[in-house]
Amino acid sequence: MEADSERVAIFMAWPYANGPLHLGHVAGNCLPADIQYKYERARGRSVLMCSGSDEHGTPITLTAEQNGISPQEVVDKYHGINSKSLADLGCSWVDNVDPRGVDFGGTLYNRTSDPMHKDMVRIVFEDLLDAGFLERTTMQQYCSISNGEVRFLPDRYVEGTCPVCSADGARGDQCDDCGSTYEANQLRNPVSKLDPTASVEIRDTDHMFFRLDLFQEELVERSKARTKVWKPNVRAMTKNWLDMGLRPRAVTRDIDWGITLPLEGEDWDSKRVYVWFEAVQGYYTCARIWAERYAVSAGHKHGVDAWENWWKVDSNGVSPKHIYFMGKDNIPFHTIIWPSIIMAMNAAASGNPPTCEPLPGELALESNVPANEFLLLQGGQFSKSRRHGVWLPSFLERYDPDTLRYYLSINMPEGHDSDFRWDEYVNRVNNELIGTYANFVHRVLTLAHRLPNHTSNPLEAYYDSSLHTEHAAIVSEYLQSATESLERQRFKESLRSIMSIAQLGNSILQEAAPWNHIKNTDSSDGIKSLSSLAYCWLLCKGLAVTLRPFIPFQSDRLWEMLGCTEDIDSVSWLDSYSDNSFSWNSSKPNPLFERLDLESILKHEKSLADEEDSKDNESKPTQGGSGDDLIDYEDFVKVEMRTGKILSVEDHPNADKLFVVVIEDGPDSTRTVCAGLKGHYTASQLEGLDIVFVANLRPRKLRGVLSEGMLLAADDEDGNVRVLTPEDGMPPGSLVR
RNA sequence: AGCGGGUUGGAGUAGCCAGGUUAUCUCGUCGGGCUCAUAACCCGGAGACCGGUGGUUCAAAUCCACCACCCGCUACCA
């Protein structure tokens, strides 16, 4: 393979270790990062890939509380599950040291609870503090007090009575009913959503803030220079943040699960590093930890400093290439916050002002941040609580990882959200992956095996390269465009170009019709035809190499069936279609994939869902203690439900999902209620309907409009909503019981 | 309502930032061919006033303005 001195670091956003990975993570993060890594290796480059589990923060502590275990147990569990899923998916995290040798790099799927990560974060914290990039500020924050235990609460976990309009349910800093904002201490009757019985008060608390504002100018300059490189979604999101103006951001918080602070004094004992500040540093700490744990023992020539090859600008001013993969929700962290921290680290080390153009010896900034949009599931967002999702571990138990990799690659949410649909998965796998690609390979292999007895490849004797210059030129164009696409992280486009080569192969076979000459190979037509078959054999070799980033398992299988003895790792991407040597494997070829059957897949998925349902039904009564969920008849009759007739429906002036509905609730009597039915019904569908409503609910303003009751409606797992309506003939105002 | 994204043949998409010959690809559909191959493969056809209305320009899917609808986050809500 030709030497390529380029140094590349592949960074994948750190999955939160609070649950198993779902297909959205795979399509948005894991797969693109892995494809890019494998491609860069095939180019002969030195590549280091870093990521791991993000293991701190409030949600993990809540999961731990709910399950009665420690936060560490939560993250241990999911770090294990997710590491295994990634390996089963064929991602390269399993090779900590590059099989070509440690000088080529390697990978590390680390975790933020790693003591070395924690130490390095504390050192960065100190350096930035000394350099004046962190400042101490006193802020006021809610906390709940229960049994003498003080717990600080984020604003979104507090609600109370609005000081302006007296509405209930106002949030810590803003009232949704009247829209007014106020200082934290003005909210009346604050209550903790996590523990409603605790008393809530305001306390002063000191925190360290990162001076993001100091980097505004450099970031504006940098983002202008990146307009040609960044995707539209990345440009837009970043510009939006910069236009709003950057402000200092707290890097510490009142919580006990996280990295302790390198600060003296009791004040700081109960505080930890804020996750956003610490997890992004994982890209840097992970590279250093890789060097210490793997590069040294594998004999890297630079030992513990090996990481610098992938992180520091070299003496000629050349930066390593840094590519960060993530979903759209993570963009500002990678175009604003993390670059600022890197600039701050550089400035702290050199004593110079921050600059967006790192000098030789300094840490490099991103080369691209190809953020993906979201993968939806049958049109809706993946959701743990609504059980709307396909989880990676259960998927991989049943289906071939390469089929998933193919489908998600060809359907990647690169420009906008895309959809995971079972029928489309089956279609694309059967028609494209199997019909076009695997079928081509199988045709070539079985035809070759039908030629007369042989111990080496029988096609070699017929091959005449001069007959295929036109085809070779087309293949070379496809390869070049696939390569250019991958240089720009355009995976769909790239995969399509490569698939075009398989399609070309099919048409070459069609035209040459070698099956007519298998038994009588001597005619001049026969020789020409078999030369085409021989050329197709060479195409299969190229396809194995160039599809390997996308479907690694089956590429390796194909390579073996072709009888190639050379290590596929040492074949250069650019030369993959130019090697004219003929290998041979005398054992009978087998199809690469099995066709998928949509009906049986849907049946299985449904049975999985039913299983979950029955599990839930069984566990519910025991969960809250038996009988606790039951109410007395007296409680039930307190709810006064009546029939009514909808007279008019109008859009709520200040809410997207609300209708303002006037109902006839008795003879010559009407009332107004707000109903969140927009999107489920049109106004005209509702008008005139007989409905059931709760009549004695305390009236409450909803985004400024007083609602005197509540329409009853049913909703199912899929989010469908239907209003309740009595059988005809009941006059408005009739009691329901 | 705030912020972001989207609207291109029946479905899904490329092209838009850097305006310019017959608007891309996959699936589906119709017709023909092949029979080696996993009912797979190959060739050809039909099908789009590029969401709407204005504007800029010699020229607009592409740039600008306004409008409509869809999605996500936040809010609200059955």
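Just so we're on the same page: letters track the sequence lines, and every chain starts at 1.
- Taking atom CG of residue A:Asp329 and atom P of nucleotide B:U74, one finds them 10 Å apart after rounding to whole Å.
- Nucleotide B:C41 is matched to B:G33 when pairs are restricted to Watson-Crick or G-U wobble geometry with both distances under 3.5 angstrom.
- Distance CH2 (A:Trp515) to P (B:C36): 8 Å, rounded to an integer number of Å.
- Here the straight-line distance linking atom NZ of A:Lys645 with atom CG of A:Asp690 works out to 4.0 Å at 0.5 Å rounding.
- Close to B:A14, at under 4.0 Å from its OP1 or OP2, lies a side-chain N or O of A:Lys492.
- Counted by atom type alone, A:Tyr437 and A:Gln503 present zero donor-acceptor pairs between their side chains at under 3.5 Å.
- Remark: A:Arg595 is in phosphate contact with B:A40, judged by side-chain N or O atoms under 4.0 Å from OP1 or OP2.
- At distances below 3.5 Å, at least one donor-acceptor pair connects side-chain atoms of A:Lys231 with backbone N or O atoms of A:Ala371.
- Look at CG on A:Leu375: it is 17 Å from P on B:C71, rounded to the nearest Å.
- For the residue pair A:Ser494/A:Ser485, the side-chain donor-acceptor check at 3.5 Å is not satisfied.
- The A:Arg421 side chain lies nearest to B:A11 when the options are B:A11, B:C71, B:C36.
- Looking only at atom types and distance, the side chain of A:Arg443 has a donor-acceptor partner in the side chain of A:Asn506 under 3.5 Å away.
- Comparing B:C27 with B:C41, their P atoms are spaced 8 Å from each other, to the whole Å.
- Closest to the side chain of A:Asn427, from the set B:U26, B:C27, B:C42, is B:C27.
- Residue-to-nucleotide proximity on RNA chain B shows that, of A:Leu447 and A:Asn431, the 5′-proximal contact is made by A:Asn431.
- Closest contact between the side chain of A:Phe374 and the listed nucleotides B:U38, B:U26, B:G72 involves B:G72.
- Pairing of B:C73, defined by two Watson-Crick or G-U wobble distances under 3.5 Å, is identified with B:G2.
- Taking atom C1' in both B:A60 and B:G19, the straight-line distance is 6 Å, to the nearest Å.
- B:U21 sits 22 Å from B:U26 when the P atoms are compared, rounded to a whole Å.
- One P atom belongs to B:G51, the other to B:U57, and the distance between them is 23 Å to the nearest Å.
- For the pair A:Ala502 and A:Glu493, both in contact range of RNA chain B, the more 5′-proximal nearest nucleotide belongs to A:Glu493.
- Taking the C1' atoms as reference points, B:G28 lies 14 Å from B:U13, given to the whole Å.
- In this structure, A:Gln503 reaches the sugar-phosphate backbone alone: every heavy-atom distance under 4.0 Å involves primed, P, OP1 or OP2 atoms, never a base.
- A:Glu414 has its CD atom 8 Å from the P atom of B:A14, to the nearest Å.
- Comparing atom distances between the A:Phe593 side chain and each of B:G72, B:A11, B:U38 picks out B:U38 as nearest.
- Rounded to whole Å, atom P of B:A78 lies 4 Å from atom CE of A:Met710.
- Side chains of A:Trp338 and A:Tyr324: a donor on one and an acceptor on the other come within 3.5 Å.
- A gap of 22 Å separates the C1' atoms of B:C58 and B:C50, to the nearest Å.
- In plain terms, the two heavy atoms of A:Thr483 and A:Leu479 that are nearest each other are OG1-O, 2.7 Å.
- B:G28 is unpaired under the Watson-Crick or G-U wobble criterion, no partner having all donor-acceptor distances under 3.5 Å.
- A:Asn439 comes within 4.0 angstrom of a base, heavy atoms only.
- Nucleotides B:C25 and B:A46 have their P atoms positioned 14 Å apart, rounded to a whole Å.
- Counting non-hydrogen atoms under 4.0 angstrom, A:Phe440 reaches nothing in the nucleic acid.
- Base contact: A:Leu592 has a heavy atom under 4.0 Å from a base atom.
- Judged by Watson-Crick or G-U wobble contacts below 3.5 Å, the nucleotide B:A68 has B:U7 as its partner.
- As judged by a 4.0 angstrom heavy-atom cut-off over every strand, A:Ala438 is placed among the base-contacting residues.
- For the P atom pair drawn from B:A65 and B:U74, the interatomic distance equals 29 Å after rounding to whole Å.
- Between A:Glu432 atom CD and B:G28 atom P there is a gap of 9 Å when expressed in whole angstrom units.
- As judged by a 4.0 angstrom heavy-atom cut-off over every strand, A:Arg490 is placed among residues touching the sugar-phosphate backbone only.
- Expressed to the nearest 0.5 Å, how far NZ of A:Lys328 lies from CG of A:Asn372 amounts to 10.5 Å.
- Set against B:G72, B:G5, B:C36, the side chain of A:Glu373 has B:G5 as its closest nucleotide.
- Taking every side-chain heavy atom of A:Thr446 into account, B:A37 is the closest of B:U38, B:U26, B:A37.
- Atom pair A:Leu433:CG and B:C27:C1' shows a separation of 15 Å (rounding to whole Å applied).
- Per the geometry, CD1 belonging to A:Ile508 stands 20 Å off P belonging to B:A37, to the nearest Å.
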